[in-house]
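Each remark here refers to the structure printed beneath this line.
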Amino acid sequence: MDEAAPYSALAAGYDAVMAHVDYERWAQHAHRLLRRHHPAARDLLELGCGTGALALALQPLGPYRYTATDGSEAMLTAARAKAAGTPIRFRQADFRVLPADLVPADAALLLYDGLNYLLEEAEVAALFAGVHALLRPGGLFLFDQSTPANSLNHPDGFDDAGDAGPFRYLRTSRYDAVARLHTTTFRLHLSSGRALTETHVQRAYTRAEVEALLAASPLRPVAAYAGFSFRPATDATERIHWIAQRPAGGEA
């Protein structure tokens with residue numbers, strides 16, 4: 001099998017592969033968090049938007065001016081087709097190296113494991129610095145992380161197979177608890193007869209690691225919530241939603 005870049009071949013059938021994800025729930029929770037911590041937020045910047053499912057669910061919930069970005073042009077092609085006729089704006093941008101000319105935002109979002117794709121702490125630190133530069137004073141960064149507990153508690157919960165339309169797929173995942181790396185392999189059999197493999201690697205950061213990286217960044221940590229709740233996250237939390245803020249005015 002030939003190896004394809006992550007989210008290149010997968011983009012054509014990504015929505016079918018991810019049909020299990022309740023994007024309405026994700027959008028509702030993101031909206032609640034924004035209302036709680038920054039009710040005046042209007043300009044939203046989504047990083048790692050994929051095929052635009054979260055953007056389409058979240059943008060109508062508020063008076064949001066929404067810019068959605070992704071590093072994969074193939075994913076953005078699918079997103080633009082789905083969002084035709086909506087006010088959502090799309091732009092190619094890799095959140096590993098954020099361009100300085102993105103629109104200033106009241107809030108930036110990176111959800112559904114985006115942070116976990118950064119395999120080195122230096123990359124996370126660069127992300128925090130880049131987001132800080134794009135936020136208006138007082139602006140929020142809402143992001144989530146999948147923790148080691150999620151991978152350890154669901155060792156067989158990430159394997160499946162199906163027909164996504166443009167291709168048939170087999171998804172297998174393996175977690176290295178020592179390196180804390182979660183490797184997901186997609187074996188794609190295209191309708192043309194071609195077979196491809198996409199390999200996606202994520203790092204399972206602990207709550208304490210992300211907390212320390214935030215503390216060392218120009219952003220100010222505000223809250224770390226367990227899952228889709230307003231309960232404080234703990235070391236046993238499988239998914240953490242973080243709120244960080246660019247200090248307003250002359251705050252350090």
Side-chain angles (χ1 to χ4, degrees), residues 23 26-50 52 54-71 79 86-118 121-145 205 207 210-225 228 230 232-233 239-252:
Y23 286 104
W26 278 84
Q28 290 284 352
H29 189 57
H31 180 61
R32 287 193 296 267
L33 290 169
L34 291 171
R35 292 292 298 167
R36 169 177 279 209
H37 291 283
H38 195 354
R42 295 294 178 268
D43 290 308
L44 302 191
L45 173 65
E46 184 184 352
L47 311 177
C49 73
L54 178 68
L56 286 166
L58 178 55
Q59 188 276 327
L61 297 182
Y64 295 136
R65 295 180 290 268
Y66 206 109
T67 300
T69 67
D70 199 273
T86 75
I88 301 169
R89 295 168 293 180
F90 292 94
R91 175 173 169 181
Q92 186 173 19
D94 189 333
F95 59 78
R96 290 176 174 85
V97 187
L98 286 168
D101 62 343
L102 285 171
V103 296
D106 299 317
L109 303 91
L110 177 60
L111 296 173
Y112 206 77
D113 298 355
L115 181 95
N116 295 96
Y117 277 92
L118 303 178
E121 290 190 356
E123 293 180 296
V124 180
L127 169 69
F128 291 161
V131 170
H132 175 272
L134 294 172
L135 288 175
R136 294 190 174 104
L140 296 184
F141 184 26
L142 165 58
F143 65 96
D144 80 306
Q145 67 170 115
Y205 289 95
R207 179 190 57 80
V210 174
E211 185 175 56
L213 287 164
L214 265 181
S217 82
L219 296 170
R220 179 173 65 87
V222 175
Y225 295 116
F228 293 85
F230 292 116
R239 182 174 300 281
I240 301 173
H241 284 91
W242 290 88
I243 300 286
Q245 184 178 43
R246 174 172 176 164
E251 293 181 52

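The chain is numbered in sequence order, starting from 1.
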Can you find a pair of side-chain heavy atoms, one from [X] and one from [Y], that are under 4.5 Å apart?
{"X": "Pro87", "Y": "Gln59", "value": "yes"}
{"X": "Val210", "Y": "Val124", "value": "no"}
{"X": "Phe228", "Y": "His241", "value": "yes"}
{"X": "Leu127", "Y": "Phe95", "value": "yes"}

Does the [X] side chain pair with the main chain of [Y], one donor and one acceptor, at a distance under 3.5 Å?
{"X": "Arg35", "Y": "Gly62", "answer": "no"}
{"X": "Asp144", "Y": "Tyr112", "answer": "yes"}
{"X": "Gln245", "Y": "Gly139", "answer": "no"}

Looking only at heavy atoms, what is the nearest atom pair of [X] and [Y], with distance?
{"X": "Leu214", "Y": "Ala244", "result": "CD2-CB, 3.8 Å"}
{"X": "Ala93", "Y": "Thr69", "result": "CB-CB, 3.9 Å"}
{"X": "Arg246", "Y": "Leu219", "result": "N-CD2, 3.9 Å"}
{"X": "Leu47", "Y": "Leu110", "result": "O-CD1, 3.4 Å"}
{"X": "Ala55", "Y": "Pro60", "result": "O-CD, 4.2 Å"}
{"X": "Glu46", "Y": "Tyr66", "result": "OE1-OH, 2.6 Å"}

From [X] [atom1] over to [Y] [atom2], what is the distance, rounded to the nearest 0.5 angstrom?
{"X": "Ile243", "Y": "Leu33", "atom1": "CD1", "atom2": "CG", "value": "4.5 Å"}
{"X": "Leu118", "Y": "Gln145", "atom1": "CG", "atom2": "CD", "value": "11.5 Å"}
{"X": "Leu115", "Y": "Ile240", "atom1": "CG", "atom2": "CD1", "value": "10.5 Å"}
{"X": "Ile88", "Y": "Leu56", "atom1": "CD1", "atom2": "CG", "value": "4.5 Å"}
{"X": "Phe143", "Y": "Leu111", "atom1": "CZ", "atom2": "CG", "value": "10.0 Å"}
{"X": "Arg32", "Y": "Leu61", "atom1": "CZ", "atom2": "CG", "value": "10.0 Å"}

message = Can you tell me how the ring of Phe230 sits relative to the ring of His29, calling it parallel under 30°, perpendicular over 60° and tilted otherwise?
response =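 Ring orientation of Phe230 relative to His29: tilted.
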request  = Check the angle between the aromatic planes of Tyr225 and His37 and answer parallel, tilted or perpendicular using the 30° and 60° thresholds.
outcome  =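 The arrangement is tilted - the two ring planes meet at 30° to 60°.
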Listed once per pair and sorted, the side chain to side chain donor-acceptor pair (under 3.5 Å) pairs that draw on residues 128-140, sequence neighbours left out =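 Counting only pairs at least two positions apart or across chains, the side chain to side chain donor-acceptor pair (under 3.5 Å) contacts touching residues 128-140 are Asp43-Arg136, Asp106-Arg136.
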inquiry  = side chain to side chain contact (heavy atoms under 4.5 Å, CB included) for Glu121 and Tyr205? Distances and angles first, verdict last.
reply    = CA-CA 9 Å; Glu121 290 190 356; Tyr205 289 95; 4.1 Å; yes
